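Reviewing the structure listed below.
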Amino acid sequence: MERRALVITGPTCTGKTELAIKIANRTGGEIISADSRQLYRYLDIGTAKPSREELRKAKHHFIDHLNPDEDYNVSRFENESSEVLNNLFPEGRLPIIAGGSGLYIKAVTEGIFDEADTDNEYREYLHKIRTNQGNEGLYELLKAGDPAAAEKMLPQNWKRVMRALEVFKLTGKSILWFHEKHKPEKEINFVKIGLTIERELLYKLIENRVDKMIETGLINEVESILSSGWKKELNSLNTVGYKEIISFLEGEISRERAVELIKRNTRRFAKRQMTWFRRDEKIIWKEVDQMTDFDKLAEEIISEYF
RNA sequence: GGGCAGGCGCCAAAGUAGGAGAGUUGGGGCGGACUGUAAAUCCGUUGGCUAAGCCUUAGGGGGUUCGAUUCCCUCCCUGCCCA
């Protein structure tokens, strides 16, 4: 029997959550959130996490999955989400992968090479090198070990340089070798739906949403996360909406400036998401706007593909 | 109505005691890269064209000059002060 799953993606603020829930309700499906920030507990308002009510309407996986200080990565997401997928198929439930983290979507739908895990000790060592010798120091190291990979990256992009070094140290092989070798291994037919909104309107919606986040207590949320003892340096808090409020709370910028920055950074984020998703030729794009009837859209998608 | 200070590319400014301005700084925008931190990390671009070159350009118009963004005249606009 063919195994089919639905993917709903697209930039932030386009209505993915709403559409996913409507489709889940009509099909008895379950939602697999592919959102690298909604994974974290307590980051609710700033990540536009589905509300309690919405969560009650449909079964969601990977929402409130982690504490803010837990390490996570795409690979873990790939493993855990495949497990969920494998449980859903025998039950005849439609998996609805919904979210805007492009790399996570890619991992679920195409898999990810898993021959090289992370090596925290080595990363620490690399961080030290970066502190002492800068990006160039790291880059030189990569050039020495894996010149082909170095060729493909810039010294400034130290995170990618670091990962390439890590892969090389762990396996003795170039990260490029794994990329080339890896082939999509999923025997699942993913129908990918992408939601878009005309740029100008999208920006307006983003700005409105940010204002609403502030009104509904984003600042309190951040304060209470920090006062619970979570450190501001955590990866989970290096997130649009959180880092800006943190620097407001620390007196570095005004409240107005923080709001402005959240808006700008969210706009930029949405743009990066578009850049990522545009490359994916399998995505079937649905343009929406404020008039869009999501019930109808849900029906449409179901009758067309499922 | 009078006085003063301003008006430069999408926006906000810096500068020029006349001489390398399609150029400076910041912002915003746009495009792109990205398989283990991805809401992360990073790159490019932002007057036009027949594109290693050429053209147009500093509020509008005029003038002085070999040469004007810079000096002069005039008009318009903005801000502040006085009526």
Side-chain angles (χ1 to χ4, degrees), chain A residues 9 11-13 33-40 43 46-49 66 68-80 99-120 122-124 126-127 130 135 138-139 149 151-171 174-185 199-200 202-203 206-207 209-210 213 233-245 257 260-280:
Chain A
T9 189
T12 185
C13 226
S33 161
D35 186 305
S36 70
R37 303 292 137 165
Q38 292 181 4
L39 283 163
Y40 292 105
L43 280 71
T47 62
K49 197 180 280 175
L66 305 168
D69 63 344
E70 283 184 73
D71 282 333
Y72 203 74
N73 59 51
V74 217
S75 177
R76 259 187 79 183
F77 181 70
E78 201 243 317
N79 292 329
E80 294 175 2
S101 299
L103 184 57
Y104 281 34
I105 302 265
K106 184 171 175 154
V108 186
T109 56
E110 296 171 29
I112 197 166
F113 84 92
D114 56 6
E115 285 91 338
D117 205 344
T118 52
D119 181 332
N120 288 330
Y122 187 56
R123 280 191 185 191
E124 243 168 72
L126 293 177
H127 274 292
R130 178 161 183 259
N135 291 331
L138 277 185
Y139 190 69
E151 188 75 23
K152 295 201 88 178
M153 12 195 123
L154 293 165
Q156 299 95 304
N157 205 342
W158 58 275
K159 285 198 184 189
R160 293 189 58 215
V161 172
M162 219 179 250
R163 174 59 184 161
L165 280 166
E166 184 177 57
V167 170
F168 186 71
K169 190 232 176 196
L170 257 30
T171 65
S174 170
I175 189 169
L176 300 180
W177 185 81
F178 291 106
H179 289 174
E180 277 163 32
K181 196 192 85 165
H182 180 82
K183 293 208 181 71
E185 77 252 9
R199 188 69 58 95
E200 212 176 309
L202 179 64
Y203 284 3
I206 286 173
E207 287 172 17
R209 187 164 80 177
V210 172
M213 285 176 176
E233 292 81 13
L234 290 171
N235 175 245
S236 58
L237 294 177
N238 185 196
T239 295
V240 176
Y242 293 84
K243 52 187 172 193
E244 298 85 355
I245 296 295
R257 179 68 182 149
E260 217 175 273
L261 285 175
I262 295 173
K263 289 176 179 174
R264 185 195 72 186
N265 292 338
T266 308
R267 287 196 297 266
R268 289 180 173 176
F269 169 50
K271 212 162 92 54
R272 262 177 282 132
Q273 288 178 301
M274 280 310 297
T275 301
W276 177 284
F277 294 127
R278 266 194 289 244
R279 268 204 308 196
D280 188 340

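First the proteins, then the strands, lettered A, B, ... as listed; each starts at 1. Please read these numbers as outputs of a predicted model, since none were measured by experiment.
- Checking A:Phe269 against A:Val167, the closest nucleotide of RNA chain B that is more toward the 5' end is the one next to A:Val167.
- Side-chain N/O atoms of A:Arg123 include one lying less than 4.0 angstrom from OP1 or OP2 on B:U37.
- Side chain A:Lys271 to base B:G29: no donor-acceptor pair is found below 3.5 Å.
- Contact check, A:Arg272 against B:U41: no side-chain N or O comes under 4.0 Å of OP1 or OP2.
- Counting any heavy atom pair closer than 4.0 Å across all strands shown, A:Asp114 reaches a base atom.
- Contacts of A:Tyr40 with the nucleic acid, taken as non-hydrogen atoms under 4.0 Å apart, are absent.
- Remark: A:Arg278 is in phosphate contact with B:G32, judged by side-chain N or O atoms under 4.0 Å from OP1 or OP2.
- As judged by a 4.0 angstrom heavy-atom cut-off over every strand, A:Asn235 is placed among the base-contacting residues.
- Residue A:Arg163 places no side-chain N or O under 4.0 Å from the OP1 or OP2 atom of B:A38.
- Residue A:Asn238 places at least one side-chain N or O closer than 4.0 Å to OP1 or OP2 of B:U41.
- Using a 4.0 Å heavy-atom criterion, one finds that A:Gly46 contacts the bases of the nucleic acid, with or without backbone contacts as well.
- Taking 4.0 angstrom as the limit, A:Ser101 places none of its side-chain polar atoms (N or O) nearer than this to OP1 or OP2 of B:A38.
- As rounded to whole Å, 11 Å separates atom P of B:A38 from atom CD1 of A:Ile112.
- Within the structure, every side-chain polar atom (N or O) of A:Arg267 is placed at least 4.0 Å from both OP1 and OP2 of B:C30.
- The CG-C1' distance, from A:Asn79 to B:U35, rounds to 13 Å in whole Å.
- Nearest approach of A:His182 to A:Phe113, heavy atoms of both residues: ND1-N, 3.7 Å.
- Here B:G32 presents its C1' atom at 14 Å from NZ of A:Lys152, a figure rounded to the nearest Å.
- The same atom, P, is picked in B:U69 and in B:G59; the two are 10 Å apart, to the nearest Å.
- At a threshold of 4.0 angstrom between heavy atoms, the contacts of A:Arg160 are confined to the sugar-phosphate backbone, with no base atom among them.
- Here A:Asn265 lies out of heavy-atom contact (under 4.0 Å) with every strand.
- A:Glu78 comes within contact range of no nucleotide atom at all, as no heavy-atom separation falls under 4.0 Å.
- Atom C1' of B:G31 sits at a distance of 24 Å from the matching atom of B:A12, rounded to the whole Å.
- For the residue pair A:Arg209 and A:Thr12, a side-chain donor N or O sits within less than 3.5 Å of a side-chain acceptor on the partner.
- Taking atom P in both B:G27 and B:C71, one finds a spacing of 30 Å when rounded to whole Å.
- A:Thr12 comes within contact range of no nucleotide atom at all, as no heavy-atom separation falls under 4.0 Å.
- When each of A:Met213 and A:Ala116 is assigned the nucleotide of RNA chain B with its nearest heavy atom, A:Ala116 is the one assigned upstream, toward the 5' end.
- Distances shorter than 4.0 Å separate some side-chain N or O of A:Arg199 from OP1 or OP2 on B:G31.
- Here A:His182 does not count as stacked on B:U35, because the ring centres are not under 5.5 angstrom apart with planes under 30°.
- Stretches of at least 3 consecutive Watson-Crick or G-U wobble pairs, with each checked distance under 3.5 Å, appear in RNA chain B as B:1-7 with B:76-82, B:10-13 with B:24-27, B:28-33 with B:41-46, B:47-49 with B:53-55, B:59-63 with B:71-75.
- Counting any heavy atom pair closer than 4.0 Å across all strands shown, A:Tyr72 reaches sugar-phosphate atoms only and no base atom.
- Within the 4.0 angstrom heavy-atom criterion, only backbone atoms of the sugar-phosphate kind lie near A:Leu154; the bases stay farther away.
- Residue A:Gln273 places none of its side-chain N or O atoms closer than 4.0 Å to OP1 or OP2 of B:A39.
- In this entry the distance linking CD of A:Gln156 with P of B:G32 reads 20 Å, nearest Å.
- Only the C1' atoms considered, B:A40 is 44 Å distant from B:U50, to the nearest whole Å.
- Between the NZ atom of A:Lys243 and the P atom of B:U41 there is a distance of 5 Å, given to the nearest Å.
- As judged by a 4.0 angstrom heavy-atom cut-off over every strand, A:Tyr104 is placed among residues touching the sugar-phosphate backbone only.
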